[in-house]
Structures are given as C-alpha cells and as structure tokens.
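Worksheet: one structure, shown below.
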Amino acid sequence: MKKGDHLFLVDGSAYIFRAFHALPPLTRKSDGLPVGAVSGFCNMLWKLLQDARDTDVGVTPTHFAVIFDYSSKTFRNELYPDYKANRSEPPEDLVPQFGLIREATKAFNLPCIEMEGYEADDIIAAYCRMAEEAGGEATIISSDKDLMQLVTDHVSMYDTMKDRQIGREEVLEKFGVGPEKMIDLQALAGDSTDNIPGVPGIGPKTAAQLLDEYGDLDTLLERASEIKQNKRRENLIEFADQARLSRQLVTLKADTPVDIPLDALALEAQDGPKLVAFLKAMEFSSLTRRVAEATGTEIGEIDPAQVAVEAGAQARGPDLDAGTADGANTVAGVIEDGVDTPRALAEARATAARSGAFDADAYVCIRDLRTLDEWIDNARAAGVVAFDTETDSLDAMQATLVGFSLSHAEGEAAYVPLAHRQGEDDLLGEGGLVDGQIGLDEALSRLKALLEDPSILIVGQNIKYDLQVMARHDISIAAFDDTMLISYALDGGNNSHHGMDALAERWLGHTPIAYKDVAGTGKKALTFDRVALDAATRYAAEDADITLRLWRVLKPRLVAEGLVSVYERLERPLIAVLARMERRGISVDRQILSRLSGEFAQKAAGIEAEIHELAGESFNIGSPKQLGEILFGKMSLPGGSKTKTGQWSTSAQVLEDLAAEGHELPRRIVDWRQLTKLKSTYTDALPGFINPQTGRVHTSYSLASTSTGRLSSSDPNLQNIPIRTAEGRRIRTAFVAQKGHRLVSADYSQIELRVLAHMADIGQLKQAFADGMDIHAMTASEMFGVPVEGMPAEVRRRAKAINFGIIYGISAFGLANQLGIARSEAGDYIKTYFERFPGIRDYMDATKAFAREHGYVETVFGRRAHYPDIKSSNPQVRSFNERAAINAPIQGSAADIIRRAMIRIEDALATEKLAAQMLLQVHDELIFEVPEGEVEATIDVVRDVMEQAAMPAVAMSVPLQVDANAAHNWDEAH
DNA sequence: TAGAAAACGTA
DNA sequence: GTACGTTTTCTAG
C-alpha cells in the first residue's frame with residue numbers, strides 16, 4: 001500500500017445485525033430461507049465496489065476487506081467475565097445468515113477476515129493503523145460508536161444506510177469530544193449493550209463535559225475530589241478502578257497480530273460468473289441482473305451456486321428435503337454456554353425448561369397504550385415473541401378478536417384485553433364494554449406494525465387460527481413459527497396430538513390453567529369476552545408464556561434430529577396456503593341439499609315402515625342394540641357375530657351377507673342406513689356450515705392430526721363427501737362454482753402404488769406405469785397368467801384388492817374379508833403375489849426391520865412416523881403396528897408430494913396470470929374455482945405442478961399422472 | 001352431560 | 001389389511 005491508496009474495511013458482523021433489523025422488507029428465498037440481511041449486504045458491497053465515488057466517501061477503494069467477529073469469547077472476557085454477558089442470542093431467522101454473509105464475501109472476491117479471541121473491531125483497528133503507517137487512507141464501513149476512537153485525519157467512517165461520512169467533526173458533534181477522547185468517554189459512560197460498567201450516574205453527556213474540563217480520564221480521576229456535585233464526586237472516587245477497567249475493555253487493540261498482510265487486501269477484479277452464480281442461488285434477481293450486466297456475464301448460462309454454508313444455514317438451505325441429518329448435526333446454529341452441538345443445545349433447553357417456574361401473578365394485563373408500546377419494543381428487541389389471540393369462537397371464520405397475549409421472555413407475558421364485555425345482555429345480546437381497554441383500532445395498528453415486521457419471529461401454537469383471525473383485521477403475520485407443527489414434525493406418532501396442554505405437560509412439567517376453569521363448561525360456559533380480566537390475563541398470558549418456552553425447547557430439536565427441512569419445506573409453508581383455502585370456502589347450493597333432504601326423508605320413512613312391517617314390531621332402527629335383538633334374537637337369522645363388547649354385530653358386511661341369502665329385512669336396513677346417513681351427515685348438516693357473511697362453506701384443515709402426514713378436514717369434513725353410490729353422488733352436485741366460473745378437479749392417478757413402485761424399486765411395476773398400463777390388470781396378468789386382453793372383471797377385481805392390500809400392509813385375514821373368500825385362499829394369493837414380486841416382500845421386511853430398530857419409519861422426503869409399540873409382545877398390537885409402519889411411508893410420501901404441489905401452485909398460477917383459486921384438498925385431489933375462460937390454461941399449470949411436485953428433492957423413478965376435469969359442480973368435475 | 005362404541009362416509 | 005371425522009345410540013356418572 002502506498003500514499004493515495006484507500007482501504008475500505010467493512011464491519012461485517014455489525015452490518016448483519018443492523019441490516020436485519022433496519023431493512024424491511026426482509027426477504028425469504030422461495031424455500032423459506034431468510035436472506036434479508038444477506039440481500040442488504042450484497043447490495044451494499046456492490047454499491048461500494050461500483051460507485052463508491054458517488055457516495056459521501058467520494059473515493060474509489062484500492063484495498064478492501066470484510067471483517068467478522070470470530071466468536072463471542074475474546075480476551076476481554078478474561079479481563080471482565082461479564083463483558084457482553086447481557087447479549088441475547090441472535091434472532092432465529094438471522095442465524096442462518098451468518099454463514100451466508102461469509103459466502104457472499106467470498107463470492108465478491110473479497111478477503112473475509114476473522115480471528116479467534118479478537119473482535120472484528122480489533123482487527124479493524126490494526127488495519128487502520130497499518131494503512132496510516134503506509135501513508136494511505138482508510139474508511140471503516142460502519143456507524144458503530146465503538147469504532148469512532150479510530151477516526152483520525154486519515155481514517156474515517158461511513159454509514160451506508162445514511163450515506164454519510166463520519167469524520168472528526170461528526171464525532172465531535174455527536175459526542176461533544178473528539179475521536180481521541182472517545183475511549184475515555186466510553187470508559188466513563190459505560191455501555192449497557194456491551195455490559196461495560198463505566199461510572200454510575202455518568203452518561204455520555206456528563207462524560208463529555210468532564211473530559212472537556214479535565215482533559216482526560218487519568219487527570220479526571222486524580223482530581224476527582226475537586227468535583228462539586230456530591231454524588232458524582234463520590235462515584236468517581238469509588239468507581240475509579242471500574243472506569244480504568246472499562247477503558248481497557250473499550251480500547252481497541254491496534255496491535256492485534258493479523259496474519260494477512262495489508263497488501264494482500266488489494267482489490268481484485270470481480271469474477272462475474274462466480275458472483276452471478278451466488279446471487280442467483282440467493283434469488284436476488286435484480287442485483288443478479290445488474291451484476292451480470294456490469295461484468296458481461298450471461299445469466300442464463302450460469303447455474304446457481306451450490307451454496308455451502310455452516311450448518312445453521314445449511315439446515316434451512318437449498319433443496320435438502322431428503323437426508324439432511326448429517327449436515328444439520330455438525331454445528332450449532334445457536335451457541336449457548338458450554339453448548340456447542342445442536343443435540344447438546346436441545347438437551348440443555350429441555351432440562352432448563354423443566355426447571356422453570358410459572359407465576360401467574362407475574363403476568364401483566366395491559367390497559368394503556370404506553371405499556372403496550374413498551375411490550376412491543378421489548379418484543380422487537382428480543383426478535384422473537386410468542387403471540388396468541390383470544391376470541392369468542394372456535395370457528396376462525398366467525399371469531400371476534402377479544403384480546404391477545406404476548407411473551408418475549410420466559411415467565412414474562414401480558415394479556416391485552418380489547419373487547420371484554422360486562423353486565424346483563426340487553427335485547428340485542430350485547431353488554432357494555434369493560435372500562436379501561438385499549439381501543440381496538442389503536443391496538444390493531446400497533447399490532448400490525450409488530451406482526452408484519454419480517455424481522456420479528458412470531459411464535460404461535462396452531463398459528464393458522466391466529467393467522468385467520470388477524471387476516472380478518474387486514475393483518476398478515478410476516479415471519480412465524482408454530483410449536484404445534486414443530487412438535488408434529490418431531491414426534492408424529494409419538495403423541496397422538498400436539499395440543500398445548502399436552503406439550504406443556506410433557507416438556508415443561510406444567511399443567512396449564514384449563515379453559516373450563518376460567519370460562520366454565522357446558523351450557524353456562526362463558527365466551528371469552530365475558531371472562532373477568534384478571535382470570536383472562538392469567539389464562540391467556542400463560543398460553544403465550546408456555547408457547548415461547550415450548551418453542552425454545554422444540555425448535556433446536558429440529559436441527560438436532562435432522563428434521564428442519566421437513567418442517568421448513570412441508571409444514572410451515574403450508575400454513576398460509578391452507579389458511580387461504582379455508583378463507584375462500586366453497587359455494588354450496590342450499591336448495592339442492594334441501595331438496596335432497598326431503599327426498600331422503602321420504603324414502604327413509606317408506607323403508608322404515610317396511611322394516612317395521614317385516615320385523616312385526618316398531619323399534620329404533622338406528623339402535624344397533626335393538627336391531628341386533630330383532631335380527632338375531634327374535635328372528636334367529638343365521639350368521640350372527642359379536643362385536644368386542646358382546647353386542648350382535650349389525651355392520652353393513654353382516655347385513656349384506658344376510659341379504660345375499662335372500663333375507664329381505666337386512667337389505668332394507670342397509671338402504672335405510674344409507675339414506676339416513678346421507679341425510680344427517682350431509683344434506684341436513686352442510687347448510688348449517690354456510691357462513692352468513694360469505695355465503696360459503698369454510699372447512700378447517702388440520703396439519704397435525706394424522707400419523708402419516710395427510711391433512712384432515714373438519715367442521716365440516718369435506719374430505720368424505722359421498723361418491724361411491726349414485727344417491728351419495730347427488731350430494732356432490734350441491735358443491736358448485738360461483739357465477740362465471742367452473743370447478744376444476746385434478747387428482748393423482750394411483751399415486752400410492754406409484755410411490756410403492758418407486759420406493760420398493762419394483763421393475764415390473766415401474767415399467768407398467770412408464771408404459772401407461774392398467775396396473776391392476778397387469779398385476780392380475782402377472783399373478784394368474786391371464787392375458788390382459790379380454791380379462792374377466794372378477795380377476796382384475798381380485799388383483800385390485802391385492803394391490804390395495806399391499807399398500808395397507810396385507811394380511812390373509814384382511815384380504816379374505818375384503819374378497820369374501822377363505823383365509824387359506826387369500827393366503828395363497830399373497831404367496832403367489834410375493835413370488836411374482838419378491839421385491840415387495842423384501843421392501844416390507846426391510847420397512848418392518850427399520851421400524852423395529854429406530855421406532856419410526858420415513859417418507860421419501862424424510863418425514864417420520866413413530867411406532868413406539870412396534871415391539872409389543874401382544875401379537876395383535878404388534879401386527880397392527882407393523883401394517884401401519886408399512887403403510888405410512890407410502891401414504892405419507894404421497895401426502896408429502898401433494899403438499900409440495902399445494903405450496904407451489906399459487907405462485908405458479910400467479911406467474912401465468914391465472915385467477916384460479918385453490919379451494920379443497922382431498923388427499924390425492926385438489927379442487928379449484930376457475931374463471932370460465934381460463935379452464936384449459938389452469939389445468940395445464942396445475943397438472944404440471946402436481947406431476948413435478950416431487951422434484952427436485954426426489955426424482956421419482958415412476959411418472960406421476962394427474963387427471964383433471966372441469967364442470968359446474970363437483971360431481972361432474974371429478 | 002361427557003365419552004365410548006358402533007356405524008359409515010372418504011382416500 | 002392403512003389413514004381419517006361425524007352421527008347416533010348407549011352408558012356411566
């Protein structure tokens with residue numbers, strides 16, 4: 001380096017934090033990886049490299065380096081163990097970006113410097129001195145006051161966000177002392193963020209005044225007795241040593257033994273392709289374009305870089321759906337005392353969580369804006385906050401927001417009542433608002449700023465509900481985690497459900513206040529807006545407290561157990577997708593249902609009369625107990641079997657068998673049951689679910705209630721709308737598209753058999769699917785040696801039953817039942833099947849062995865289903881678990897595939913400027929409402945996304961096939 | 001009045 | 001033989 005040269009030193013670590021908090025909107029990559037700070041960093045570097053001359057710095061760098069903190073422990077901790085002890089851990093979304101920023105630096109061909117035991121500031125100090133000694137100049141890219149002591153005539157600082165150079169004058173203006181006195185100023189004033197003690201009662205203003213008067217710290221301390229103010233004098237005398245220690249702490253080590261010489265920092269030309277590849281991988285499209293242009297790189301010819309980063313980032317990085325465990329297990333994303341692996345962190349957190357105490361009296365009821373603002377500021381500072389809404393209904397589409405709770409630290413939680421009511425209901429059913437609640441609009445505007453800030457992670461338990469409630473107040477939560485889904489990804493199958501009470505019991509050893517204890521139960525249960533504020537506070541604040549604690553326990557386990565990508569790729573992104581589907585609802589024609597109800601009622605009444613006639617007496621047909629007595633007692637029909645409670649079985653199977661023998665009564669019972677089932681469950685119940693505001697039916701999807709990864713639907717269940725019988729299908733005609741639209745149904749053909757063929761690697765099956773053959777006919781042909789051409793329907797039917805049986809973990813007993821054949825015959829079929837497809841047996845054996853060894857099985861995307869009872873000594877229990885374990889990877893992989901499709905499909909439609917709306921999912925089928933003119937184009941997009949949904953995480957060795965149709969109602973579209 | 005059992009709708 | 005949710009009846013409290 002020589003005179004006239006100019007060194008730029010970027011304080012990388014400080015930049016990350018500042019960018020993370022100051023740069024909304026923080027962006028995420030398409031896979032959910034947070035990259036906002038990285039984006040800001042890259043833009044900043046590019047700007048400095050391209051046109052630093054146009055900034056307030058006014059010169060072009062000849063040398064350049066980016067400096068990072070190596071770890072949180074430095075030589076200062078030996079001087080003062082509490083140095084920076086009050087630093088909280090970085091926000092979860094920031095952690096993965098540390099590694100990426102270093103990668104970015106390398107992609108820019110810039111030296112990336114860090115040294116164990118030293119802070120970035122010390123390294124910067126050393127290089128500044130070296131640059132000055134060499135006759136050059138230096139600019140520190142930072143606005144941190146800790147670095148201001150380095151400012152000289154040849155060293156200045158530059159605040160990129162304000163485009164402002166900080167020199168001698170600016171320091172003087174800001175702190176009232178020149179840069180050379182900044183050390184003494186900091187030593188006196190201390191610094192709460194770094195835990196520098198300083199002298200009590202002296203802040204920057206007083207410090208500046210004292211230094212102005214006495215010259216420097218040593219002189220001041222010597223002559224402290226001259227100071228007039230009593231308290232100040234005493235403190236300066238008493239805490240003189242503390243001030244000297246503080247000075248040591250804040251003094252940057254310009255003699256830090258850096259091992260990269262100054263000359264090695266000379267700026268090199270950009271490597272266009274390398275940089276473009278990195279930016280492309282980060283999906284920074286506009287910067288990628290600018291860089292490509294400036295470096296003459298052809299974007300299309302560059303493949304996105306395989307961005308290798310430290311595990312924290314890798315765990316959330318590019319496509320890692322399958323087999324992520326290894327990378328994720330090596331380095332902790334978050335370092336806590338003495339904890340340096342994810343597993344150790346998870347264990348430490350679990351232990352700590354159990355010992356934490358709960359104190360409901362510590363919870364705060366917030367009733368004024370100032371306090372609310374303080375809590376929101378605290379949440380902001382923490383970067384992570386648990387959030388929970390309280391409403392007057394379990395139906396998110398109808399619920400009114402009654403209040404909400406927040407918790408940003410263990411044991412600290414607050415409830416904010418907004419719409420609690422009191423007094424007698426008047427004729428309108430409205431009591432008066434309880435006094436002293438913050439106005440709804442004011443509270444919501446504060447809340448909006450918090451929830452929509454992408455740099456703040458909002459943690460919820462079943463957050464889809466809160467998403468719905470807030471969406472109705474025009475608030476969309478930007479960055480969120482869901483403890484229920486984290487638990488589901490980790491422990492699917494271990495616990496049947498992942499409700500907060502069970503999780504609190506299990507992980508915190510704490511029994512939460514029960515809802516019924518605050519609201520009562522049964523008919524006299526209060527809605528939450530009628531609960532007294534103190535009880536509401538204890539209940540609601542505790543929920544937030546628990547949620548945050550659960551998050552701290554469960555989140556690290558995702559990394560430790562290699563399940564980050566399951567959660568990040570299959571669970572979390574689906575929350576908002578499902579929330580939108582639920583909010584859209586589907587149009588149901590009330591008149592069609594009402595007409596059907598009347599028809600079913602009439603027919604059922606006719607059959608009922610016939611039944612009573614045939615039975616010779618009147619009885620309750622709906623009572624299996626009474627019916628059993630009639631059939632097998634009074635009439636002594638043959639073939640009676642008993643249920644496990646000793647009752648006569650009157651199942652459809654039993655009745656069908658009797659009917660086949662020519663008995664009239666059982667036939668009629670079956671018909672009656674079908675009609676009353678259709679009426680009570682569907683035609684009578686569905687109109688009650690039509691939302692009065694929207695005029696549509698809004699189901700609720702559960703992401704966490706199946707062991708395999710499937711969704712479930714309830715209130716109403718729209719995943720079991722009849723289709724098998726002609727009568728039942730008529731119910732589907734009531735599900736209609738709105739005016740000017742069509743319903744499009746797209747369903748995977750034989751997805752589970754295709755998944756099986758892929759996972760078990762069965763050549764014949766894969767070939768058959770590749771050739772587009774009739775898979776059941778092909779199976780029959782292989783097994784029975786019957787040519788596919790002219791195959792009897794019965795032969796194909798049997799093969800089809802066997803194929804399904806395989807997916808369900810086949811047993812001779814079950815197959816015999818299904819086909820109505822002897823168990824020995826069924827056993828022969830199975831034997832023949834395994835002879836023709838030995839790979840299937842190998843696969844089943846291997847799956848069972850895996851389940852026994854690990855206690856769980858996995859889908860192709862790494863989702864786990866646990867079977868803790870698979871080693872049961874009870875053969876029934878054990879066999880059941882084995883069959884379930886065989887089924888789960890197949891059903892679960894298919895479920896994962898459609899999840900991936902759902903996550904991608906909205907963007908794909910938007911890209912093609914299509915207005916189609918996804919309304920329903922029925923396991924292997926998706927239903928859309930599509931403008932009439934866009935049906936064909938929509939089907940093209942939907943089919944493509946669904947068929948490619950496994951890619952690129954898993955390249956299926958069997959093609960996926962999607963059939964799609966459009967019609968005015970669901971019956972015709974399917 | 002809460003919960004289990006039986007039955008039955010779907011993939 | 002797998003995976004669900006809803007309805008009605010019946011039972012235990």
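Letters A, B, ... are given to chains in the order of the sequence lines, protein chains preceding strands, and every chain is numbered from 1.
Between the OH atom of A/Y682 and the P atom of C/dT6 there is a distance of 10 Å, given to the nearest Å. Separating the NZ atom of A/K800 from the P atom of C/dG1 is a distance of 19 Å, rounded to the nearest angstrom. Atoms CG (A/N620) and C1' (C/dT7) sit 13 Å apart, rounded to a whole Å. The CD1 atom of A/I751 sits 16 Å away from the C1' atom of C/dT2 (whole-angstrom rounding). Atom pair A/R730:CZ and B/dG9:P shows a separation of 16 Å (rounding to whole Å applied). If you take CD1 of A/I886 and P of C/dG1, they are 14 Å apart, rounded to a whole angstrom. In this structure, A/F689 atom CZ and C/dT7 atom C1' are separated by 11 Å, rounded to whole Å. When rounded to the nearest whole Å, the span between CD1 of A/I721 and C1' of C/dT6 equals 11 Å.
In this structure, A/R864 forms a cation-pi arrangement with A/Y856, its terminal cationic atom sitting closer than 6.0 Å to the ring centre and no more than 45° off the ring axis.
For A/T643 and B/dA5, the shortest distance from a side-chain N or O to OP1 or OP2 is not below 4.0 Å. At the phosphate of C/dT6, neither OP1 nor OP2 sits under 4.0 Å from any side-chain N or O atom of A/S680. Taking side-chain N and O atoms only, A/T681 has no distance below 4.0 Å to OP1 or OP2 of B/dA7. Between A/R710 and the phosphate of B/dA11, there is no side-chain N or O to OP1/OP2 separation shorter than 4.0 Å. Close to B/dA6, at under 4.0 Å from its OP1 or OP2, lies a side-chain N or O of A/T645. When the side-chain nitrogen and oxygen atoms of A/K625 are compared with OP1 and OP2 of C/dT11, one or more of them lie within a distance under 4.0 Å. Within the 4.0 Å cut-off from OP1 or OP2 of B/dT10, at least one side-chain nitrogen or oxygen of A/R724 is found. Of the side-chain N and O atoms in A/T708, none sit less than 4.0 angstrom from OP1 or OP2 of C/dT2.
Crowding of A/R797 atom CZ: a count of heavy atoms from other residues, nucleotides or ligands under 6.0 Å exceeding 12.
Rounded to the nearest 0.5 Å, atoms CD1 (A/I897) and OH (A/Y748) are 6.5 Å apart.
A/N969 and A/T733 share no donor-acceptor pair across their side chains, judged by distance under 3.5 Å alone. Of the N and O atoms on the side chains of A/S745 and A/N965, not one donor lies less than 3.5 Å from an acceptor on the other residue. Remark: the A/Q719 side chain and the A/Q921 side chain contain an N/O donor-acceptor pair separated by less than 3.5 Å.
A/Q647 comes within 4.0 angstrom of no nucleic acid atom, judged by non-hydrogen atoms across all strands. Across all strands shown, A/A894 has no heavy atoms under 4.0 Å from either base or sugar-phosphate atoms. As judged by a 4.0 angstrom heavy-atom cut-off over every strand, A/T650 is placed among residues touching the sugar-phosphate backbone only. A/A812 comes within 4.0 angstrom of no nucleic acid atom, judged by non-hydrogen atoms across all strands. A/G805 comes within contact range of at least one nucleobase, with a heavy-atom separation under 4.0 Å. Within the 4.0 angstrom heavy-atom criterion, only backbone atoms of the sugar-phosphate kind lie near A/S705; the bases stay farther away. Heavy atoms of A/A826 sit nowhere under 4.0 angstrom from any nucleic acid atom. Within the nucleic acid shown, A/I807 has no heavy atom closer than 4.0 Å to any nucleic acid atom. Across all strands shown, A/I890 has no heavy atoms under 4.0 Å from either base or sugar-phosphate atoms.
Listed nucleotides B/dA2, C/dG5, B/dA6 differ in distance to A/T521; the shortest reach to its side chain belongs to B/dA2. The listed nucleotides are C/dG5, B/dC8, C/dG1; the one nearest the side chain of A/A652 is B/dC8. Here C/dA3 is the nucleotide among C/dG1, C/dA3, C/dG5 with the atom lying nearest to any side-chain atom of A/T706. Considering only side-chain atoms of A/Q891, the nucleotide from B/dA11, C/dG5, C/dT2 that sits closest is C/dT2.
A donor-acceptor contact under 3.5 angstrom links the side-chain atoms of A/N720 to the base of B/dG9.
Here A/R798 pairs with A/E825 in a salt bridge; the nearest charged N to carboxylate O distance falls below 4.0 Å.
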